[in-house]
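Comments concern the structure below.
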Amino acid sequence: MCGIVGYIGTEVATPLLLDSLKKLEYRGYDSAGIAVLAHEGLVVRKAKGRLTKLEQLLASEAIDGTVGIGHTRWATHGEPSDINSHPHTDVSGNIAIVHNGIIENHAKLRDWLEKHGVTFRSQTDSEVIAHLIDFHYNGDLLQAVRETMARIEGSYALGVLSEDAPDRIIAARKDSPLVIGYGKTGNYIASDVPALLAHTREVTYIDDYELAVLFADHVEFYTEDGDPVQKEICHIEWDVEAAEKGGYEHFMLKEMHEQPKALTDTIRPRIIRDESSGLRNVDMHEVKDFERWKAEDSRIFIVACGTAWHAGIVGKYIFEQFARIPVEVDIASEFRYRNPLCGKNDIFIIISQSGETADTLAAMRLAKRSGAEIVAITNVVGSTLSREADSVLYTWAGPEIAVASTKAFTTQLSCLYLIALKLGNIRGVISHQQLDEHLKEIERIPAAAAKIFDMEDELQRFAARHFNKTKVFFMGRLFDYAISMESALKLKEISYTHSEAFAAGELKHGPIALVDTSTLVVAFCTQRALFEKMDSNMKEVKARGATVLAITFDDVDTFDGTADETLKLPVVLDQFSPMLSIIPCQLYAYYCSILRGNDPDKPRNLAKSVTVE
Ligand code: F6R
């Protein structure tokens, strides 16, 4: 996730900016840069790679300015490169900006600016901001930033410098974090508190649609309409380690809580409105030659490992239901050795959070050699997978640091829904009206996901009652079976509990022999047509002494008399439940891990990125 910093005061800015950027390294980044107002004017230095690269670049020159902004970039639009690194400047090089977030309407704004004579240097969405500020600048930098805010859609935390207003930094935010710090020698901006703690513990959090004007000796706050606002100063008690985790005890907990935002960032820019009908549609420009997917003889293969493979299993149900197209889902390490039957009419969706998993890459290369089209779903711009695939759909979840994958999974699912719905529409399986209704439902998912965290205390108490169970089984049908698999994986990898997933209908073909009074069974019940069947399955395991937790929707009471406990999710269409139903089980696994004395961020024997076979 990008990090922004800024300083205005009486000290030389460069070392302070570098120091603050180092404190944001934990957020993940692929390039870094600074812009300083020095006596010779605006100086920008930036480089792809670690911060040491930038430090080496700066080692040979003394930049004397006391006003500057800095950035660590986690690539989203445009690969990691020197040019795509921030800060970005306007054409004349008078204005510099750093940006964290995603500008959803950047393509439209870029076209418009190009028509007005602007030549872009980078592939980033952020560069439009520098040019727009320049376009609207009329002697008042704050006004120009406000007018720019009115034209950009999406999320942003911004730091802005201009040679014409050397006594100030402008900061603004919408849907991306931004905090102001009050130091002894000057004032700071930062994406996150750890960047400030060496200088101050007195901070003000900027809210959405607010701006701050930082001077060396004071800070002013404004609404987007330009009205002054009074803001509270908060004292930070956290130590650096807690601050890096945003006050959460672990990265995993933070990343689970980030899911509503990660889902919004991944979904929102891809839902557009058709100009003529006003109906929602999916923008699939990232997938080259999407029309080709219409072919009668097309087949989809989904290949991945671990959690990403579970997303693929949900994907199979999604594509088959919404687009009526045959799908094969494979574990990458199996696919690569099974001499698969695939060829140039096939489409491969390769899912990988890191984009670097060795088996997944090998499977992708094998499919590519057969002439098949490769579409990657990945979270890391510039990863090997993103470079070698024919098309890439990024999950805009931000870096995932905890080993156990959480926000990557739910955002991978959201990408699969969007592709399947679009495909269903172009294949004539769902009408434009139905597409609009389904997309409307998808737009509700981030808020519904946020609601699930209201149950966190309840889940924590549930974990306290059951964390020492030696056998935990998850069961469900269709989508719920796929989520059972992902839940069992989460629980085993971080709590080291023996957990398994079963297709509920398979129970009596063997697994039920394992059920006894020491067993906890979590039954996912989100497929309404199969409620009666699930109710019977629950009764079967209860009769053998198991404790049963049912996870269903808020408006369902079918299982209240059967299950020992019931957890209720916000109501959404059955087919969209996986993006929600996994969240309680992520939380449950997390709390079991804590109660068993484990470190959920770094489970034993596991690595975040499996780059060897
Ligand atoms: C489980 C987990 C792993 C990964 C798997 C694939 O929580 O994180 O199972 O999903 O190693 O990794 P990526 O998605 O990076 O290819």
Side-chain angles (χ1 to χ4, degrees), residues 28 250-256 258-259 262 266 302-315 329-336 348-365 367 374-389 392-416 474 482-497 499 501 578 582-583 585-590 592-593 598-613:
H250 294 97
F251 282 112
M252 185 182 170
L253 189 59
K254 175 168 178 266
E255 287 161 7
M256 287 188 286
E258 282 169 353
Q259 290 179 105
T266 307
I302 307 182
V303 184
C305 297
T307 288
W309 172 61
H310 294 151
I313 296 170
V314 179
V329 190
D330 264 284
I331 296 172
S333 56
E334 290 288 304
F335 177 83
R336 63 184 289 198
F348 273 72
I349 300 181
I350 310 281
I351 311 176
S352 171
Q353 186 283 130
S354 61
E356 302 295 350
T357 301
D359 281 320
T360 307
L361 292 177
M364 184 257 300
R365 287 170 187 148
I374 310 291
V375 179
I377 296 181
T378 182
N379 198 34
V380 182
V381 177
S383 58
T384 308
L385 177 60
S386 74
R387 284 185 274 111
E388 295 189 18
V392 187
L393 238 93
Y394 289 109
T395 47
W396 283 320
E400 201 176 55
I401 293 166
V403 166
S405 194
T406 54
K407 60 179 180 171
F409 177 70
T410 40
T411 53
Q412 285 160 359
L413 292 182
S414 68
C415 285
L416 290 165
F474 295 86
I483 293 305
S484 297
M485 290 190 221
E486 174 56 8
S487 301
L489 175 64
K490 283 291 91 82
L491 190 63
K492 58 178 85 133
E493 70 180 320
I494 60 169
S495 83
Y496 319 147
T497 307
S499 47
I582 187 57
I583 297 175
C585 289
Q586 294 169 342
L587 286 164
Y588 174 66
Y590 170 81
C592 286
S593 169
N598 305 339
D599 177 351
D601 282 347
K602 294 195 189 81
R604 68 186 181 199
N605 310 338
L606 294 174
K608 181 65 187 161
S609 190
V610 186
T611 53
V612 289
E613 210 181 322

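Order of listing sets the numbers, starting from 1, for every ligand and every atom in it. Keep in mind that what you see is a predicted model, and the values were worked out from it rather than measured.
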Give the residue and atom name of whichever protein heavy atom lies nearest to [atom], and the separation in Å to one decimal.
{"atom": "atom 12 (O) of ligand 1", "result": "Thr357 OG1, 3.5 Å"}
{"atom": "atom 2 (C) of ligand 1", "result": "Thr307 OG1, 3.7 Å"}
{"atom": "atom 5 (C) of ligand 1", "result": "Cys305 O, 3.7 Å"}
{"atom": "atom 15 (O) of ligand 1", "result": "Ser354 OG, 2.6 Å"}
{"atom": "atom 14 (O) of ligand 1", "result": "Gln353 N, 2.6 Å"}
{"atom": "atom 11 (O) of ligand 1", "result": "Val610 CG2, 4.0 Å"}
{"atom": "atom 7 (O) of ligand 1", "result": "Glu493 OE2, 2.5 Å"}

For Phe348 and Phe335, I'd like to know if the aromatic rings sit close, meaning centre-to-centre distance below 6.0 Å.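 That pair passes the under 6.0 Å test.
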Tell me whether Lys602 at atom NZ has more than 12 heavy atoms from other residues, nucleotides or ligands lying less than 6.0 Å away.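 Incorrect, the count does not exceed 12.
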With the threshold set at 4.0 Å, does a side-chain nitrogen-carboxylate oxygen contact exist between Lys407 and Glu400?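 So Lys407 does not pair with Glu400 through a salt bridge.
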Scan side-chain atoms only and decide if [X] and [Y] contain a donor-acceptor pair under the 3.5 Å cut-off.
{"X": "Gln412", "Y": "Thr395", "value": "no"}
{"X": "Gln259", "Y": "Thr406", "value": "no"}
{"X": "Ser499", "Y": "Lys490", "value": "no"}

Are any non-hydrogen side-chain atoms of Met485 and Ile313 less than 4.5 angstrom apart?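 Sidechains of Ile313 and Met485: in contact.
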Please tell me if the side chains of Leu361 and Leu385 come closer than 4.5 Å, counting only heavy atoms from C-beta onward.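 Contact flag for Leu361/Leu385 side chains = yes.
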Just which atoms of ligand 1 are under 4.0 Å from any heavy atom in [X]?
{"X": "Ala308", "result": "10 (O), 14 (O)"}
{"X": "Ala404", "result": "7 (O)"}
{"X": "Ser352", "result": "13 (P), 14 (O), 15 (O), 16 (O)"}

Val403 to ligand 1, any heavy atom closer than 4.0 Å: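 Yes.
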What do we get for Lys490 next to ligand 1 when only non-hydrogen atoms under 4.0 Å count, side chain, backbone, both or neither?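 Just the side chain.
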